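Scroll down for the structure; my scribbles are underneath it.
To find a chain, count down the sequence lines: A is the first, B the second, and so on, and within it residues start at 1. Just so you know, these numbers come straight off a predicted model, no measurement behind them.
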Amino acid sequence: MFLEYALGAFVLGGLLGFVIDYKASTKASSFMAVIGSLFLLGQVYEVYTTGPVKGSIFGIPVHVDGLSAVFLFIVGIVSLGSAVFSLAYMDHHERKGKGWVYAIAYNTFIASMALVVTVDNLEYFVVSWELMTLSSFILIFWKEERKDLDASLKYYITMHFADTIPLFLLLGLASVLTGSIHNLSYSAIHSALLTASPGTKAVFYALTLVVFIAKAGVVPLHFWLPDAHPAAPSNVSALLSGIMIKTAVYGLLRFDWQISGQSTAVGYIVAILGAITLTVGTLYALRETNSKRLLAYHSVGQMGYIWLGLGIGMVLIPRGGTLAAVGALGMFAGLFHALNHAVFKGSLFLEAGSVEYATGTLNLEELGGLGTRMKVTAVATLFSSLAIAGIPPFNGFISKWLIYVAGYQSGNFVLAFGAVLAVVISAVTLASFMKFYGAQFGGEMKRYEEVKEVPAVMQLGEWILAGLTLFIGVFPGFVVGFLNKGLSVVNGGTTAGVTEDLYKIGFGSVLFSPVLFVILLGALAVGLYFSFRPEYGKVARPWDCGSTKIDEDEYKTLAEGYYRWYEHKIGSFYRFTDWCYSFGASIIHYTVRAYTWIASYFVKIVDTPYTRVESVSDLRRGQLLYVDEETFKPLVRLLRIVRDVLPGIRLGTFVVLALVVVGAIVGILMVL
Amino acid sequence: MEIDAVKLGFSLVGIILLLFLPPYLDGIARRVRARLQYRRGPPLSQTWYDLQKLFALPSVRPTASTIFTWAPYLALASAISAALLLPYGNVIPVNFGFNLVVFFYVVVMVSVFLILAGLSVQNAFSHIGSSREMQIVLTVEPLIAILYGVLAYNAGSLSISEIVRNLHLTPSVLLTYAILAYALYVESGFVPFDVAEAEQEVIGGPLGEYSGRLLGVFYYAVYIKRFALLWFFVSLLTLPWLGPIDTAEKAALVLALQFLLTIAFYPIIAALEATNARLRVDHVVKMNVRMFFAGLIVLAMAFMGW
């Protein structure tokens, strides 16, 4: 089984981290991650050609069916791009040291995500999920920069409250349902839930939804994401945004649709949360001027698209008839967008990493003029930017378009309004990425004249993913069957009626032929170019109205000012969501306060016993005693005193003490 | 074989129209504007002469960027692709996806290349122009999103041929026509919505650094885009109410109607242009945001069956 080899490669990659030299350890472990990702892709190919694989690796029961294969493909392809990229990129962080920590965490992270989407048992799902959270936390925290400390803590605490606790409650619920903690396979839970009471089912839905909302970064539990993703090194950010948040999509389909059975109410929740999330995430991204934070907010936004698509499916599929077909299309489109988002967002984070590698900054206000210096990266960024903005013929267009078709043709006001928002926000995404591309690569700046293109392996890593955006966009037919296999697993055999053709994709009479479009556009552009070749007369500097005192590097629009009027006009939106944000932040603040208040009864700060404990950082400050240590402390203290005092006692004192003890015993006996 | 010949004929007429008519339409507009201002005005072919002149001149090169050189050609190719997707009579010259979303995205690509072109040079005025163009797209797209909603609900599909077949007349459809007209007018960048290329303010915006042949290519792309949007509007206005077009004669009549209506709309546009002054960019944004909320009411009406 390929998966076994893949896990072996990741383990070996982690162990290779113990090579002392930083460069050797990061390179060796990244190389093993490349091998492991290739094995994962091999596993996907095996499942695609020969059908589901069931078995056990290292004692863990796995079942790689169609749905797992889709997500395993996401894990494999993004890890492949990121790992190839890491071969050279990690040199950038050399002065941080700790190559071995990176090596272990990076390989564990990929391996745990591969396990999350393939295991066949709730116990192992929870274990791999926690392993994923832990290793990603280490990677986010890895740079140990002061500004990132809070981001990583926020991530970890959120995951504790919203993921770990519900997951363990879920374990309890499932073991009650199936009657045994040793029988938590998905099929057992499924059959137990078939006869469960509505109340139990509701609890099951609530617990799983909280877990997946938090992990996916869906509003209202998205606040950790825009801080945590940029804090990690860029190759890890690609994994976080490309893969990790997709495991929540996997979980949603697996637990809230396949295992629990169909529910329209959950569908509405998912669709509405999706519509809200895509709006909030993307409009916040529009204001960002740090390239990785901008991308992270877009991850929130694009996650909204995916949830909207899945939600449309969940609402409409139970209705049956033609609406079910529209619903299946929506669910298909959501799954397709998950795949596409992994590809282009992975690529975008790698490109942001390349720019950071070459110039040392992520600030869009400072950057500029890299288009002529870093041509390969610039074209890759342009491809991925157009893909996320949903411009044909890139992959993002196809999946977004299918989401629109499903939403608009649903005949349901809520879902159609979701589709309206999706189209509106698509324009915002375009605006945001015009800024992202223009601010980094547009113009020509003296400041960056010496900048060199990044090493070839990094370019290769970017292009593995950027090339796919165009390939899937032009030939979507290649993935339709693959995705439909995944869909049929969770849907009891129903697939989306997507017109599957080498040169056409669509639904019913709504069709698009990307191949024809590319040929037409390409032929026209090249034909026009060669029939009216551009003739350049002279070279001149850009016209600056005759000014003599302008620093040419500053003769541009700052990233912050691009869409100022638009942001100003929708300011009430920002004010409202900012208010919601501060409301949420205060809830979290008080939760943490309560938590530390409870914790302070189990913990004693040694040097200053009555220190007020208000936040987690207060606990970090002093030397701590835990409650179990506290219990034995008096005994330990007594023994210590005895040990210190006994050797120094004089004879007289000893005699007096002995007399007192004897007198006491005699007295007690007399009383008795 | 005969049907193919007819189709080929209609396609050919369509291609000739989309390539040669747009500059003449601009000529009409200039003439009408001149008459409204008590001037005699240039001949109808004046825009053609201008383009010829620009095509004959070499360009000045302000940057080494490849996008700067390629953007005009890509924009023109997108504009022509969009126009090829429209029905001439009942024939679509190149049908790569005859539905609302695809058509509008191909049209938006003209703006995308214009924006990229503006951002590729180190010139603050070009950047401002690009960001203004983007803000127009940002605020027009919501209106178009709503119109997808009304039409798709009314006709049950996003495919334009289905819409033509199944659209039934309700008050919401009439209001949608009004919103569509407004949205397309803004999208075309006519006065008072020509904030992106405002000559007097931002010296041509994204086109500021362009000259000679490359500028000519861009202008041509913009004319074709305007033609495509107008032709789309005219088609959506007429086709649903004319019944099935099954004979070549009827198709020819429809084509003639489309042609005449397109020409008839241009003086109206020119009159609006001549009697308005350019809005400030924040006014444009504000107006479009208001229209969006008006549009939401129309969408709600559509879902209530009105």
Subject >> Part of B:Ile67 within contact of chain A (heavy atom distance under 4.5 Å) >> reply: side chain
Original post:
For A:Tyr555, does its backbone N or O pair with a side-chain atom of B:Asn123 as donor and acceptor, under 3.5 Å?
Top reply: no
Original post:
Under 6.0 Å from the NE2 atom of A:His568, do we count more than 12 heavy atoms belonging to anything else shown?
Top reply: no
**OP:** Answer yes or no: is there a donor N or O on one side and an acceptor on the other, between the side chain of B:Asn99 and the main chain of A:Leu511, under 3.5 Å?
**Re:** yes
Original post:
Rounded to the nearest 0.5 Å, how far does OG of B:Ser120 lie from OH of A:Tyr437?
Top reply: 8.5 Å
**OP:** Just give me the residue among B:Ala155, B:Gly149, B:Ala302 that pairs up with chain A most often, heavy atom to heavy atom, under 4.5 Å.
**Re:** B:Gly149
Original post:
Which answer fits B:Phe104, side chain, backbone, both or neither, if we ask what part of it has an atom under 4.5 Å from a heavy atom of chain A?
Top reply: neither
**OP:** Would you mind telling me which of B:Gly97, B:Ser159, B:Ser59, B:Ala152 has the largest number of heavy-atom pairs within less than 4.5 Å of chain A?
**Re:** B:Ser59
Original post:
Would a distance-only check, ignoring hydrogens and angles, find a side-chain to backbone donor-acceptor pair under 3.5 Å from A:Ser513 to B:Phe96?
Top reply: no
Subject >> Side chains of B:Tyr73 and A:Pro534 in contact at under 4.5 Å (non-hydrogen atoms) >> reply: yes
Original post:
Any chance OH of B:Tyr219 has more than 12 other-residue heavy atoms, nucleotides or ligands included, within less than 6.0 Å?
Top reply: no
**OP:** To the nearest 0.5 Å, tell me how far A:Phe532 CZ sits from B:Leu76 CG.
**Re:** 8.0 Å
**OP:** Check step by step if side chain to side chain contact (heavy atoms under 4.5 Å, CB included) holds for A:Ile391 and B:Met109.
**Re:** CA-CA 7 Å; A:Ile391 296 293; B:Met109 281 174 78; 3.7 Å; yes
**OP:** Kindly state each residue pair satisfying salt bridge (Lys or Arg N to Asp or Glu O under 4.0 Å) with at least one member in residues 124-145 of chain B, sequence neighbours excluded.
**Re:** B:Arg132-B:Glu201
**OP:** Output the residues of residues 374-382 of chain A for which the shortest heavy-atom distance to chain B is under 4.5 Å, in residue-number order; output 'none' if no such residue exists.
**Re:** A:Lys375, A:Leu382
Original post:
In terms of heavy-atom proximity below 4.5 Å to chain A, should B:Ser211 be classed as side chain, backbone, both, or neither?
Top reply: neither
**OP:** Apply side chain to side chain contact (heavy atoms under 4.5 Å, CB included) to A:Leu520 and B:Leu84, showing your working.
**Re:** CA-CA 10 Å; A:Leu520 178 69; B:Leu84 283 173; 3.9 Å; yes
Original post:
Can you check whether A:Ser410's main-chain N or O pairs, donor with acceptor, with B:Tyr153's side chain at less than 3.5 Å?
Top reply: no
Original post:
When you measure from the side chain of A:Glu535 to the backbone N and O of B:Leu57, does any donor-acceptor pair fall under 3.5 Å?
Top reply: no
Original post:
Side chain, backbone, both or neither: which part of B:Ile160 has a non-hydrogen atom closer than 4.5 Å to chain A?
Top reply: neither
Original post:
After noting the C-alpha distance and the side-chain angles of A:Tyr536 and B:Thr69, does the key distance pass the side chain to side chain donor-acceptor pair (under 3.5 Å) rule?
Top reply: CA-CA 10 Å; A:Tyr536 283 116; B:Thr69 311; 2.9 Å; yes
Original post:
Is there a donor-acceptor pair closer than 3.5 Å between any side-chain N or O of A:Glu444 and the backbone N or O of B:Gln122?
Top reply: no
Original post:
Any idea how A:Tyr404 and B:Tyr105 line up, ring-wise: parallel (<30°), tilted (30 to 60°), or perpendicular (>60°)?
Top reply: parallel
Original post:
Out of B:Thr139, B:Val289, B:Val285, which one racks up the most heavy-atom pairs below 4.5 Å with chain A?
Top reply: B:Val285
